[in-house]
Every structure is written in structure tokens, then in C-alpha cells.
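Some notes on the structure that comes next.
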Amino acid sequence: AQKVTQAQTEISVVEKEDVTLDCVYETRDTTYYLFWYKQPPSGELVFLIRRNSFDEQNEISGRYSWNFQKSTSSFNFTITASQVVDSAVYFCALSEADAAGNKLTFGGGTRVLVKP
Amino acid sequence: GAVVSQHPSRVICKSGTSVKIECRSLDFQATTMFWYRQFPKQSLMLMATSNEGSKATYEQGVEKDKFLINHASLTLSTLTVTSAHPEDSSFYICSARTRDLTYEQYFGPGTRLTVT
């Protein structure tokens, strides 16, 4: 069975600080997909990134960067120079590439509070 | 592209009544739709997976007679909460997957159900 663990339940930072969100996953599949979503107070999930298990390249998108390490089953997310608008709950998720609908398993989420 | 809508966005109903939530893929055909439930300050939990034209597959612990799911077309899935009780109050989110194999799910904005 697949499992996603986000050990940090809440992180509070002051604007312009960097913040790193940890994500550790468990799966028996060799082919799988990892995701990060942002959920602002409005509730709507915002897709941030998808990464497949064969692509370990780190990625940077603006102030966001992701570090995927299969050796430690981790897919960490860093927000550089945080802003108040980054305040939200962030979810890491895993999907195994089977034929049964590719269910997403979510981590518990990390609430990020960026103070001005 | 890949927009998913939900209706209504908020609903309040009395205990014992039934309420229907619609999930529509607006600009693509969704072979598979997923229904999630999210209690306050918790993660998203998958309730069921529905494929167009077939019966939904429910996750363990989800009562299929209480949460009726219908996926009658490639653009519409409905979730009916029957005989609602206050403990059913939650944020219900649907997602839709396209025919391709990107394994990406597109999420609706969610429906907040309050049962009084």
C-alpha cells in the first residue's frame, strides 16, 4: 500500500525567509508519480508539480524548487523568499501507475503561515 | 484547459434530507472521476472512484448506500449524500482524469456541506 508522510504539520516564517516542506513516501511500485498541491483558504487545490519516478532531476519554478531523492524516498519542496500569499496548506501526494484508476494518496498536509 | 466545476459550492441541509453535488469536466472528457472528503484541518481522503458507465468503487469504510455516485456521462459525475447527518458535514472535492496516461487529476473547487 502507498503512504505519504508530511512530518511538519505547521510552519511559521517571516516574509522573505525560505521554507522547506518535507515529504516522505512509501510504495512498492517502481513506476509512480509524485505531486505537490497548494490549498489556500478558499479551499481549491492548486496543482504545483508532477514528477514521475524515473525523473530525479530537481526542478525550479520561480521561487519554488523541488528535490526528489529516490534513495531516501523523499520529495521535498522549498519556497524561497516567502511571501504572505504563500500562506496555505501544502499537500504532497503519490499515485501508483496501476490500472485501477491511479488513485492519489495524500499526505497529512503542512500549513505554512507567512507573517509580514 | 482542463477545468472542473462543482455545484453547489456551499449547501446547508437539514438532518435526514439528501443532497446532490455535481462535478463537471468543462473542456475535456473524463473517463474517471474521484470523490474526496476533507474534514477541517485534515487531509483529503478518497471516498470512491467512478468510471463512466460503470459502478463506482468505494474505499474501505465508505458506505456506498449512503454516498451514491453516478457517472452517467464523460463530463458529469454526481455524489448524493442520503439521509445526511451532522457528521457528514465536510468539504467534498471531486477530480477528473482524462483519457490519456498522464495520471494527472484535475480538481474541482469543492463543495462545503453543512448538515444542521
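Letters go in sequence order (proteins before strands), and every chain restarts at 1.
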Value rounded to 0.5 Å, distance of [atom1] in [X] from [atom2] in [Y]:
X         : Y        : atom1 : atom2 : result
Lys41(B)  : Glu10(A) : NZ    : CD    : 7.5 Å
Tyr106(B) : Phe47(A) : OH    : CZ    : 7.5 Å
Gln105(B) : Tyr33(A) : CD    : OH    : 13.0 Å
Ile93(B)  : Gln39(A) : CD1   : CD    : 5.5 Å

So, for Glu44(A) and Gly108(B), which heavy atoms are closest and what is the spacing to 0.1 Å?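 Here Glu44(A) and Gly108(B) meet closest at CG-O, 4.4 Å.
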
Residue pair Gly107(A) / Ser43(B): nearest heavy atoms and the distance that separates them: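 Closest approach of Gly107(A) to Ser43(B): O-OG, 2.5 Å.
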
Is it the case that over 12 heavy atoms from other parts of the model lie below 6.0 angstrom from the [atom1] atom of [X]?
X        : atom1 : answer
His7(B)  : NE2   : no
Lys66(B) : NZ    : yes
Lys55(B) : NZ    : no
Gln57(A) : CD    : no

May I ask you to test the Tyr36(B)-Leu45(A) pair for a side-chain heavy-atom distance under 4.5 Å?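 Not touching, per the 4.5 Å side-chain cut-off.
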
In terms of hydrophobic clustering (I, L, V, M, F, W, Y; side-chain heavy atoms under 4.5 Å; direct or indirect links), are [X] and [Y] co-clustered?
X         : Y        : result
Val4(B)   : Tyr92(B) : no
Ile49(A)  : Val19(A) : yes
Leu113(B) : Phe34(B) : no

Checking Phe91(A) against Leu44(B) for the side-chain contact (heavy atoms from CB on, under 4.5 Å) test, could you report, in this order, the C-alpha distance in whole Å, the side-chain angles of both residues, the deciding distance, and whether it holds? CA-CA 9 Å; Phe91(A) 291 99; Leu44(B) 284 77; 4.1 Å; yes

Between Glu59(B) and chain A, which part of the residue has a heavy atom less than 4.5 Å away: side chain, backbone, both or neither?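 Just the side chain, heavy atoms under 4.5 Å.
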
